Amino acid sequence: INPAVTYLAPPGCRKILLELGAKAEKIRSISYGRSIDIDEGFSISACPAAHPDPVFDPENVWALSYRLTFGSKSVFFAGDTTVYPQLTDWLISKPFDLLILPVNGRSKELEKNGIVGNMTLEEGMILSEMLDTPMLGVHFGMFEFNSIDSHAAFHRINNFGMDDRAQLSELDTVYSL
């Protein structure tokens, strides 16, 4: 734990941050339906992430996705999540300039063993198309047992004609809006 860092975390994560050595005064809480102004022109708001199920209790939520607003630009940074109806409603409520989505997929076999996945690449592409917003896919390749094949994913993006709208993140690459 870096003592110079102020942590912005859901209420359900506060206890673990304290156990890891973060000082209470260095933990700021953010929850579903709340917004925090970090600096002039930069704010963060949150909605539940479904990992595996969304928690709508603002005092106990531990998995969130975020709207990051920088001046006139707005980015959706999804936490570990699948698609669920309220997420779609939240995404539609205000436009975004970019969706950063965890597209490592999921499987019933892994879920039976307690390993929760996230969105599929196809779900991410559908959200991108539905919202008319570019998508940057992330969170694949982190765990060999719970990932998509990035070469096949690049091929699917190309086959769907979405290479101008959907990308998979690459190491050592800088992205800008």
Side-chain angles (χ1 to χ4, degrees), residues 1-51 53-104 118-119 123-140 142 162-177:
I1 293 286
N2 183 337
V5 170
T6 297
Y7 297 89
L8 182 62
C13 295
R14 183 178 177 81
K15 181 180 175 188
I16 195 159
L17 283 169
L18 291 169
E19 289 170 358
L20 290 170
K23 302 291 182 207
E25 64 273 10
K26 290 290 194 171
I27 302 172
R28 289 187 66 186
S29 183
I30 186 166
S31 193
Y32 170 60
R34 296 189 185 142
S35 183
I36 293 180
D37 292 326
I38 302 297
D39 200 1
E40 191 169 321
F42 176 42
S43 66
I44 300 174
S45 58
C47 72
H51 199 63
D53 300 306
V55 174
F56 292 98
D57 176 354
E59 298 307 316
N60 293 304
V61 65
W62 63 274
L64 293 171
S65 294
Y66 302 96
R67 174 188 298 276
L68 308 171
T69 303
F70 310 84
S72 66
K73 301 291 184 186
S74 186
V75 173
F76 177 67
F77 185 87
D80 283 347
T81 192
T82 58
V83 178
Y84 62 95
Q86 295 90 338
L87 173 65
T88 305
D89 293 344
W90 195 73
L91 289 170
I92 291 170
S93 70
K94 292 181 187 173
F96 289 93
D97 297 290
L98 176 66
L99 307 171
I100 301 176
L101 305 175
V103 295
N104 62 304
N118 294 297
M119 292 180 196
E123 288 170 328
M125 290 191 301
I126 289 168
L127 283 174
S128 174
E129 189 68 22
M130 180 181 84
L131 298 168
D132 193 26
T133 304
M135 175 201 90
L136 180 63
V138 297
H139 204 17
F140 59 92
M142 295 175 66
M162 292 193 60
D163 43 332
D164 64 331
R165 174 185 306 269
Q167 293 183 18
L168 297 179
S169 62
E170 297 182 53
L171 292 176
D172 300 321
T173 302
V174 175
Y175 298 91
S176 64
L177 291 173

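Predicted, not measured: the structure shown is a model, and the values here were computed from it. Scope of the values below: all heavy atoms of this structure, side chains included, with no hydrogens, waters or symmetry mates.
A distance of 9.5 Å separates OG in Ser35 from CZ in Arg67, rounded to the nearest 0.5 Å. In this structure, Leu127 CG and Thr88 OG1 are separated by 5.5 Å, a value rounded to the nearest 0.5 Å. A distance of 10.0 Å separates OG in Ser45 from CD1 in Ile36, rounded to the nearest 0.5 Å. Taken from CZ in Phe96 to OG in Ser74, the straight-line distance is 5.0 Å, to the nearest 0.5 Å. Taking CE of Met135 as the start and CG of Leu98 as the end, the distance is 9.5 Å to the nearest 0.5 Å. Ile27 CD1 to Ile1 CD1: the interatomic distance, rounded to the nearest 0.5 Å, is 8.0 Å.
Heavy-atom neighbours of Glu40 CD from other residues, nucleotides or ligands within 6.0 Å: at or below the threshold of 12. More than 12 heavy atoms of other shown residues, nucleotides or ligands fall within 6.0 angstrom of atom CG in Leu18.
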Q.
Is there a side chain to side chain contact (heavy atoms under 4.5 Å, CB included) between Ile38 and Phe70? Walk through the geometry before answering.
A. CA-CA 10 Å; Ile38 302 297; Phe70 310 84; over 6 Å; no

**Q.** His51 vs Trp62, side chain to side chain contact (heavy atoms under 4.5 Å, CB included): CA-CA, chis, key distance, verdict
**A.** CA-CA 9 Å; His51 199 63; Trp62 63 274; 4.2 Å; yes

Q: Output, in order, the C-alpha distance, side-chain angles, deciding distance and verdict of side chain to side chain contact (heavy atoms under 4.5 Å, CB included) for Lys26 and Thr6.
A: CA-CA 5 Å; Lys26 290 290 194 171; Thr6 297; 3.8 Å; yes

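When all heavy atoms of Ala78 and Leu101 are compared, the closest pair comes out as CB-CD2, 4.1 Å. Between Met162 and Glu129 the shortest heavy-atom distance is CE-OE1, 4.0 Å. Pairing each heavy atom of Phe76 with each of Cys47, the nearest pair is CE1-SG, 4.3 Å. Looking at every heavy atom in both residues, Tyr175 comes nearest to Ser169 through OH-CA, 3.3 Å. Nearest approach of Phe140 to Asn104, heavy atoms of both residues: CA-CB, 4.0 Å. Across every non-hydrogen atom of Ala49 and Ser65, the tightest pair is CB-OG, 3.8 Å.
When side chains are defined from C-beta on, Pro48 does not count as touching Gln86, because their heavy atoms never get closer than 4.5 Å. Counting heavy atoms from C-beta on, the side chains of Tyr32 and Pro10 never come closer than 4.5 Å. Contact check for Asn118 versus Val103: no side-chain heavy atoms found under the 4.5 Å cut-off. For the pair Pro11 and Val61, the minimum side-chain heavy-atom distance is below 4.5 Å. At a threshold of 4.5 Å between non-hydrogen side-chain atoms, the residues Leu91 and Met130 do not count as touching. Counting only heavy atoms from C-beta outward, the side chains of Lys73 and Leu68 never approach each other to under 4.5 Å. The side-chain heavy atoms of Met119 and Leu87, taken from C-beta on, include a pair separated by under 4.5 Å.
The side chain to side chain contact (heavy atoms under 4.5 Å, CB included) with Tyr66 is formed by just one residue from the set Ile100, Ile30, Val75; it is Ile30.
Although no hydrogens or angles enter the test, the distance criterion places no donor-acceptor pair under 3.5 Å between the side chain of Thr133 and the main chain of Asp97.
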